[in-house]
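What follows is a set of notes on a single structure, which appears directly below.
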Amino acid sequence: MFELKKIIGGLLMPLPITLILIFLLLLFISKKNSKSYYLCVLSVVALWGISTPHFADYTITPKEHTQALFSQADHKQIDFIVVLGGGSSLNADLHANLQLSNSSLVRLVEGLRLANIYPNAKLILSGAGNKGFPSTSHLLSRTAQSLGLSAERIQLNPDARDTVSEAKLLAPTLVDNKVILVTSASHMKRAQDLFSAQGVDTIPAPVEFYNYSSTPAIKRYIASSSVLLSVNRYVHEWLGIQWIKLRRALDSGSV
């Protein structure tokens, strides 16, 4: 009964139920234009497939296994801990931590953990915002201070709107220092490459692993919007890497 409840519950979530309804509706549509009809069916099936934990496990888990966790034993002294912002949803009625995205929160927690390990290290919080509103870096800072970190240990980078600008703006401060870079596992490869291009060697501290290999068997083939989001993030990173390669091919000093 427990397994059946989980299966039914999973199928009734917005993404799978919508795909099921579209598929059923297609069965009643005229099949006169067979190519268009079968392309629609194939699109629905494909979207279902890439939204399953089984597909994510096949595509994402091998990439996560290439990410080494930060090891304190290998690094006795650190000068800077850089936390890259992961976005926010502004609402002046909410506390700062409640306005941060999940990615920003996970990254900040790791940054604070490392700040406790290295009490002499400066914590750099990065992330821009819209003009006239608090930046992601300011929200990260307010959250960090509310959790006990001294304001004197925090440095903000509120003007960086993407990873390229984060690396360029922070490079003058970070060059020739021991730097830990905190960001999502999906983002780490591109982020390290961009900082390296600015002459900054970073020590990776990846976070936000998806761990789809541990998904229960009864859920592995049920489409999920959260899985689709994670696949989307990895596709976004792949496109970002291709864009960097193209820009460097056209202008070697651009990024």
Side-chain angles (χ1 to χ4, degrees), residues 63-88 96-97 100-128 135-211 237 240-241 244 253 255:
K63 293 180 176 62
E64 290 187 339
H65 285 167
T66 66
Q67 296 280 346
L69 296 178
F70 177 82
S71 173
Q72 178 186 354
D74 297 332
H75 306 284
K76 302 302 181 184
Q77 180 261 330
I78 293 293
D79 299 309
F80 292 95
I81 302 164
V82 178
V83 175
L84 302 185
S88 57
N97 60 295
L100 292 170
S101 69
N102 288 336
S103 292
S104 289
L105 280 172
V106 172
R107 297 175 189 184
L108 178 60
V109 167
E110 178 67 1
L112 292 174
R113 186 185 75 85
L114 293 169
N116 285 329
I117 295 174
Y118 300 102
N120 295 320
K122 196 87 170 180
L123 182 66
I124 298 180
L125 302 175
S126 185
S135 66
T136 297
S137 61
H138 281 91
L139 293 173
L140 288 167
S141 176
R142 284 158 53 187
T143 302
Q145 291 179 61
S146 72
L147 294 173
L149 189 70
S150 169
E152 287 72 27
R153 294 192 60 193
I154 298 173
Q155 179 177 328
L156 301 184
N157 185 36
D159 299 320
R161 306 199 70 84
D162 56 20
T163 314
V164 173
S165 58
E166 285 177 316
K168 288 183 176 180
L169 289 171
L170 291 175
T173 300
L174 301 179
V175 168
D176 296 330
N177 283 290
K178 293 273 287 184
V179 180
I180 298 177
L181 184 63
V182 182
T183 190
S184 302
S186 61
H187 183 227
M188 183 60 75
K189 180 180 179 180
R190 183 163 64 96
Q192 279 198 285
D193 177 52
L194 290 170
F195 274 84
S196 178
Q198 300 301 318
V200 180
D201 294 324
T202 57
I203 303 163
V207 297
E208 206 172 6
F209 291 84
Y210 293 108
N211 304 310
E237 289 304 321
I241 290 171
I244 290 170
V255 289

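By convention here, the first residue in the shown sequence is residue 1.
- A donor-acceptor distance shorter than 3.5 angstrom exists from the side chain of Ser104 to the backbone of Gly87, with no hydrogens or angles considered.
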Practice item. Begin from the C-alpha positions of Leu100 and Leu140 and carry the test side chain to side chain contact (heavy atoms under 4.5 Å, CB included) through to its verdict. Key: CA-CA 8 Å; Leu100 292 170; Leu140 288 167; 3.8 Å; yes
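- Residue pairs meeting the salt bridge (charged side-chain N to carboxylate O under 4.0 Å, His left out) criterion with at least one member in residues 165-178, sequence neighbours excluded, do not occur.
- Within the structure, every pair that satisfies the salt bridge (charged side-chain N to carboxylate O under 4.0 Å, His left out) test and touches residues 100-118, not counting sequence neighbours, is listed here: Glu110-Arg113.
- Looking at residues two or more places apart in sequence or on another chain, you find no ring pair (Phe, Tyr, Trp, His ring centres under 6.0 Å) involving Phe195.
- Taking both residues in full, the closest heavy atoms of Leu149 and Arg153 are given as CD1-NH1, 3.6 Å, listed atom of the first, atom of the second, then distance.
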Practice item. Determine, step by step, whether His187 and Leu84 satisfy the side chain to side chain contact (heavy atoms under 4.5 Å, CB included) criterion, reporting the C-alpha distance in whole Å, the side-chain angles of both residues, the deciding distance to 0.1 Å, and the verdict. Key: CA-CA 10 Å; His187 183 227; Leu84 302 185; 3.7 Å; yes
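- Lys76 NZ to Ile78 CD1: the interatomic distance, rounded to the nearest 0.5 Å, is 11.5 Å.
- With rounding to the nearest 0.5 angstrom, the CD atom of Gln192 is 10.0 Å from the OG1 atom of Thr183.
- Considering only residues two or more places apart in sequence or on other chains, His75 meets the ring pair (Phe, Tyr, Trp, His ring centres under 6.0 Å) condition with Phe70.
- Ser137 contributes a side-chain N or O that, together with a main-chain N or O of Gly127, makes up a donor-acceptor pair within less than 3.5 Å.
- Scanning for side-chain hydrogen bond (donor to acceptor under 3.5 Å, both in side chains) contacts around Ser71 gives Asp74, with sequence neighbours left out.
- Residues passing the side-chain hydrogen bond (donor to acceptor under 3.5 Å, both in side chains) test with Thr143: none are found, sequence neighbours excluded.
- Judged as a salt bridge (charged side-chain N to carboxylate O under 4.0 Å, His left out), the pairs with a partner in residues 185-196 (not counting sequence neighbours) are, in order, Arg190-Glu237, Asp193-Arg248.
- A donor-acceptor distance shorter than 3.5 angstrom exists from the side chain of Glu64 to the backbone of Asn211, with no hydrogens or angles considered.
- Enclosure of atom CG in Asn116 by more than 12 non-hydrogen atoms of other residues, nucleotides or ligands within 6.0 angstrom is indicated.
- For the pair Leu123 and Phe80, the minimum side-chain heavy-atom distance is 4.5 Å or more.
- Residue pairs that meet the salt bridge (charged side-chain N to carboxylate O under 4.0 Å, His left out) test with at least one member in residues 195-210, sequence neighbours left out, are Glu208-Arg233.
- Atom CG of Leu125 sits about 8.0 Å away from atom CG of Leu112, to the nearest 0.5 Å.
- The distance from the OH atom of Tyr210 to the OG atom of Ser186 is 5.0 Å, given to the nearest 0.5 Å.
- Under the side chain to side chain contact (heavy atoms under 4.5 Å, CB included) rule, Ile124 has a single partner from Val179, Leu181, Leu170, which is Leu170.
- Of the inter-residue distances, the one linking Leu194 atom CG with Thr202 atom OG1 reads 10.5 Å to the nearest 0.5 angstrom.
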Review point. What's the verdict on side chain to side chain contact (heavy atoms under 4.5 Å, CB included) for Asp159 and Leu169, showing C-alpha distance, side-chain angles and the deciding distance?
Key: CA-CA 8 Å; Asp159 299 320; Leu169 289 171; 4.2 Å; yes
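- Judged by distance alone, the side chain of Ser135 and the main-chain N or O of His138 form a donor-acceptor pair under 3.5 Å.
- The only member of Val164, Thr163, Val255 that meets side chain to side chain contact (heavy atoms under 4.5 Å, CB included) when paired with Ile244 is Val255.
- Every residue two or more places apart in sequence or in another chain that forms a side chain to side chain contact (heavy atoms under 4.5 Å, CB included) with Gln145 is listed here: Ser141, Ala151, Ile154.
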Check your understanding: Between Val82 and Val182, is a side chain to side chain contact (heavy atoms under 4.5 Å, CB included) present by the stated rule, with each step listed?
Key -> CA-CA 6 Å; Val82 178; Val182 182; over 6 Å; no
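- When all heavy atoms of Ala185 and Pro206 are compared, the pair lying nearest together is CA-CB, 4.0 Å.
- In this structure, the side chain of Ser101 engages the main chain of Gly86 through a donor-acceptor pair within 3.5 Å.
- Closest approach of Leu114 to Ala205, counting heavy atoms only: CD1-CB, 4.0 Å.
- Annotation: side-chain hydrogen bond (donor to acceptor under 3.5 Å, both in side chains) contacts of Glu152 (sequence neighbours excluded): Ser150.
- Distance check: Asp162 CG to Ser126 OG gives 9.5 Å after rounding to the nearest 0.5 Å.
- Shown here are the side-chain hydrogen bond (donor to acceptor under 3.5 Å, both in side chains) partners of Thr173, two or more places apart in sequence or in another chain: there are none.
- Listed by chain and residue number, Arg161 satisfy the side chain to side chain contact (heavy atoms under 4.5 Å, CB included) test with Ala128 (two or more places apart in sequence, or in another chain).
- Between Gly199 and Val175, the shortest heavy-atom contact is O-CG2, 3.8 Å.
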